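A quick write-up on the structure given underneath.
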Amino acid sequence: MTAPLIAVDPQTEIAPYQQIEEQIRAAIQRGDLAPGALLPTVRQLAGDLNVAPNTVARAYANLAAEGWILSDGRRGTKIAEQLPSADKRVRSNLLKDALERAVGSLLARGYGSSEILAQVREIISSS
């Protein structure tokens with residue numbers, strides 16, 4: 001995995017470990033990270049993202065607890081061969097949670113709801 005796949009935005013209200021978790025999970029779901037793919041070490045990713053190693057370790061631990069990744073000691077951390085099932089309810093909850101955090105952060109920065117909605121519509125229409 002290369003560093004451009006994920007980035008930490010210090011301006012957002014979302015904790016850095018959560019940003020890392022969400023971006024790795026999304027990369028797995030999109031197929032950018034295939035089962036068995038090796039992730040960077042905690043220290044390497046922390047250095048690339050300019051965050052504390054404990055931040056990356058927490059993200060990795062949470063992803064491992066959810067079944068997305070496996071830590072194999074000295075052999076490294078890999079994407080799980082069998083990914084957690086994502087039924088519609090789980091996917092819907094993940095989407096809702098991500099949107100609530102993003103919208104909440106934007107509202108806290110002073111953007112209005114109509115401005116946010118207009119940008120979301122524009123992004124969707126251009127995708």
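Computed from a predicted structure; not experimentally measured. Sequence positions, counted from 1, serve as the residue numbers for this chain.
To the nearest 0.5 Å, atoms CG (Leu33) and NZ (Lys78) are separated by 14.0 Å. Note that CG of Leu63 and CH2 of Trp68 are 8.5 Å apart. Values are rounded to the nearest 0.5 Å. Between the CG atom of Leu39 and the CG atom of Leu70 there is a distance of 10.0 Å, given to the nearest 0.5 Å. For the atom pair CD1 (Ile24) and CD1 (Ile69), the distance works out to 6.5 Å, reported to the nearest 0.5 Å.
Hydrophobic cluster membership differs between Val120 and Leu99, with clusters built from Ile, Leu, Val, Met, Phe, Trp and Tyr side chains linked at under 4.5 angstrom. Clustering ILVMFWY residues whenever any of their side-chain heavy atoms sit less than 4.5 angstrom apart, transitively, puts Leu107 in a cluster other than the one holding Ile123.
In the displayed structure, Arg75 atom CZ is contacted under 6.0 Å by at most 12 heavy atoms of other residues, nucleotides or ligands. The number of heavy-atom neighbours closer than 6.0 Å to CG of Asn50, taken from other residues, nucleotides and ligands shown, is 12 or below. The 12-atom threshold is exceeded at CD of Glu100, counting heavy atoms of other residues, nucleotides or ligands nearer than 6.0 Å.
The shortest distance between side-chain heavy atoms of Thr55 and Val8 does not fall below 4.5 Å.
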Below 3.5 Å, can you tabulate the donor-acceptor pairs from side chains in residues 12-21 to any protein atom, sequence neighbours excluded?
from: Thr12; atom 1: OG1; to: Ile14; atom 2: N; distance (Å): 3.4
from: Thr12; atom 1: OG1; to: Ser105; atom 2: OG; distance (Å): 3.2
from: Tyr17; atom 1: OH; to: Arg58; atom 2: NH2; distance (Å): 3.1
from: Gln18; atom 1: OE1; to: Ala15; atom 2: N; distance (Å): 3.4
from: Gln19; atom 1: OE1; to: Asp9; atom 2: N; distance (Å): 2.7
from: Gln19; atom 1: NE2; to: Asp9; atom 2: O; distance (Å): 3.1
from: Gln19; atom 1: NE2; to: Ile14; atom 2: O; distance (Å): 2.8
from: Glu21; atom 1: OE1; to: Arg25; atom 2: NH2; distance (Å): 3.3
from: Glu21; atom 1: OE2; to: Asn62; atom 2: ND2; distance (Å): 2.7

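Closest heavy-atom contact between Gly67 and Ala80: O-CB, 3.4 Å. Shown here for Val42 and Ala57, the closest heavy-atom pair between the two residues is CG1-N, 3.9 Å.
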